[in-house]
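For the single chain, residues carry numbers from 1 onward in sequence order. Whatever order the structure lists them in is the order used to number ligands and atoms, beginning at 1.
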Amino acid sequence: MPTPPDLSYPELRLFIGGEWRGGAETLPVVNPSTEAEIGRLPVATPADLDDALAAAETGFAIWRHTPPRDRSDLIRRAAALMRDRHNEIAHSITLEHGKPFQQARLEVIRGAEFFEWDAGEATRTYGRVIPSAPGVKYIVHHQPIGPVAAFAPWNFPMSQPARKVAGALASGCSIILKASEETPAGAIHIAKAFEDAGLPAGVLNLVFGVPADISSHLIPDERIRLVAFTGSTGVGRHLTGLASQHMTPVLMELGGHAPVIVCEDTDVDAAAVSSAIRAMRNAGQVCTSPTRFFVHEQIYDQFLTGITTRSAATVVGDGLTDGVEMGPLANGRRLLAMQELVEDAAAAGATVTTGGSRIGVVGYFFEPTVLADVPDHARIMQEEPFGPVAIVNPVSGLDEAIARANSVPYGLAAYGFTNRADFVDEMVERVEAGNVSINTLEASLPETPFGGMKSSGYGREGGIEGLHHYTVVKNLSHSIEIV
Ligand code: NAD
C-alpha cells in the first residue's frame with residue numbers, strides 16, 4: 001500500500017553544510033487564514049552565516065567539477081522527489097501562505113518543472129570556437145560564476161526559491177538561499193529533496209533570519225560572486241547598491257504593474273472572465289498580475305460588467321476548503337496596503353464596482369475588488385498593488401493605451417486582447433515590458449525567458465537565457481607556437 005502523505009507542517013531548520021540546525025532565537029510562522037502560529041523558525045546568527053559561506057565555498061569546489069551530466073541527473077532526482085511529495089509540500093504552502101490547495105499543488109509541479117528545465121540546460125551551456133589563423137585557437141567557455149547569495153520572497157514559497165536554486169545548481173554554482181521567513185516550508189522541502197537525492201554537502205545552504213542582517217553579511221563577502229533577488233523594487237535597488245560596492249553582479253526580478261490592453265475587436269466576455277480569474281489568482285500577489293486595464297471605449301461598459309461580475313463571484317476562503325478560488329492575503333502588511341490604496345482611489349474619484357473591504361476580523365481576507373475610472377493621480381495607478389484588484393479605465397485607441405501602459409516605472413509583464421496582427425505588432429514594438437502576452441495572461445514558463453525592463457529589474461530566469469547570469473564567459477586564446 002502506498003504511504004499516505006505526511007500532512008504535518010515541517011520542522012523549520014537552517015540547512016548549512018549538509019546539516020540541519022536550529023537556533024536559540026526563533027520567529028513565528030503564522031497561518032494567514034486563522035492568524036494561528038504554525039511553527040517557529042530559527043534565526044541565523046553571524047556564526048551560522050559564516051558557516052554557510054565556508055560551506056558554499058567547499059560545495060562550489062566539488063560541484064563545479066562534477067560532470068554536467070551528473071549534475072543534471074541529480075537535479076532530476078530531486079525534482080522527482082518533489083513531484084512524489086507534492087501533496088505534502090502543497091499542504092504546507094497552503095498552511096503558511098493561504099493559497100488554495102489546488103493552486104499550491106500546481107505551484108509545486110511548476111517548481112519541479114523549473115528544476116527539470118534547468119537540469120536539461122546544465123548539459124547545454126555551450127561555448128563556441130572563433131575562426132582563427134592556423135595554429136591558433138580561440139575558444140569561448142561558460143564557467144560557473146561561483147557561490148550565489150539568493151533571496152526569495154513569500155508569494156510563491158516553492159517556485160520562487162526553485163528558480164534560483166535550479167539556475168545555480170544547473171550551472172555548477174553553490175548557493176546560499178535566504179527564503180522568506182513568512183513562508184519557509186517550500187524552501188525546506190527543496191533542501192530535503194536535494195539532501196535525499198545525494199547533493200554534496202555545502203552546495204545548497206538555506207538560511208533564515210532578519211533579511212537586512214543576512215544580506216548585509218553575505219553580499220560584501222568576497223566569496224559571493226552573484227546576488228540573485230526577487231522582491232520589491234525598493235529592496236532590489238538597495239541590494240544592487242550593496243553589490244555594486246564589491247563589483248558583484250546581480251540578477252534582479254522586481255515588481256510589476258502589468259497593463260492589459262483590451263482592443264475593440266476582441267471577444268469581450270471571454271477576455272473579462274479570463275482577466276477576473278487571473279487578477280484574483282494568488283490573491284493578486286504576483287509580480288505579473290494583470291492590474292491596469294486599458295479598455296477601448298466602445299467595449300468599456302461590457303468589459304467592466306464582465307470583470308466585475310466574475311470577480312464578485314470568486315469563492316474566497318481558507319485554502320484547505322474545497323472549491324475555494326482565492327485565499328487570504330499572505331500577511332497583515334498586504335491587508336493594510338490594500339485598504340489604503342482602495343480608500344485613496346475612491347477619495348480620488350474612482351468607482352468601486354465590487355469589493356473594496358476586508359472580509360471578517362480573523363485572517364487577512366480581502367474582497368476581490370474592481371476599481372473603475374481611476375484618475376491617474378490616485379496612488380494605485382503608480383504603485384504596484386500586490387493584492388486582489390483590477391483597475392479598469394477607458395481609452396480612445398491603441399496609441400493612448402500604449403502611452404498609458406508605459407507611464408509607470410515598471411516594465412515586467414504586459415498583456416493584450418486582440419485578433420488584429422497590426423495591433424499585436426504595435427504592442428510588441430512599443431510596450432515597455434520584458435514579457436508581452438497576447439490573448440493569454442500567462443507570462444512565465446520554464447522554457448521562456450522571464451524578467452523586466454526599467455525598474456522591474458535586470459536579467460532573465462528561464463529559457464535558454466536562464467543560466468547566463470550563473471556563468472562567466474572565459475575566452476581561451478591558444479597558439480601552438482610561442483608568438
Ligand atoms: P518588502 O519590500 O519589505 O520585502 C520584499 C522582499 O524582500 C521580502 O521577501 C523580504 O524578505 C525581502 N527583503 C526585505 N528587505 C531585505 C533586505 N534588506 N535584504 C534582503 N531581502 C530583503 O515588502 P513585503 O511587504 O515583504 O512585500 C511587499 C512588496 O514586495 C510588494 O508590494 C511587491 O511589490 C514586492 N514583492 C514582489 C515580489 C515579486 O515576485 N517580484 C514578491 C514579493 C513581494
Exercise for the section: Hey, could you give me each pair passing ring-ring contact (aromatic ring centres under 6.0 Å, His included) that has a residue in residues 13-52? Not counting sequence neighbours. Expected result: Phe15-Trp20

Protein N/O near ligand 1 N/O, under 3.5 Å, which pairs?
residue  : atom   : partner : partner atom : Å
ligand 1 : 2 (O)  : Ser232  : OG           : 2.6
ligand 1 : 19 (N) : Pro211  : O            : 3.4
ligand 1 : 19 (N) : Ser215  : OG           : 2.8
ligand 1 : 25 (O) : Arg333  : NE           : 2.7
ligand 1 : 25 (O) : Arg333  : NH2          : 3.2
ligand 1 : 26 (O) : Trp154  : NE1          : 2.9
ligand 1 : 26 (O) : Arg333  : NH2          : 3.0
ligand 1 : 34 (O) : Glu384  : OE1          : 2.2
ligand 1 : 40 (O) : Asn155  : ND2          : 3.3
ligand 1 : 40 (O) : Gln160  : NE2          : 3.3
ligand 1 : 41 (N) : Gly231  : O            : 3.4
ligand 1 : 41 (N) : Leu254  : O            : 3.2

For residues 199-210, run the donor-acceptor check on the side chains, cut-off 3.5 Å, and write out each pair with its distance to 0.1 Å, sequence neighbours left out.
residue : atom : partner : partner atom : Å
Asn205  : OD1  : Gly17   : N            : 2.9
Asn205  : ND2  : Ile175  : O            : 3.3
Asn205  : ND2  : Gly202  : O            : 2.9

Could you verify whether a donor N or O on one side chain and an acceptor N or O on the other, from [X] and [Y], lie under 3.5 Å apart?
| X | Y | value |
| --- | --- | --- |
| Asp318 | Thr321 | no |
| Ser444 | Arg163 | yes |
| Glu96 | Tyr9 | yes |

Completion exercise
Across all chains, not counting sequence neighbours, the salt bridge (Lys or Arg N to Asp or Glu O under 4.0 Å) partners of Glu383 are Arg379

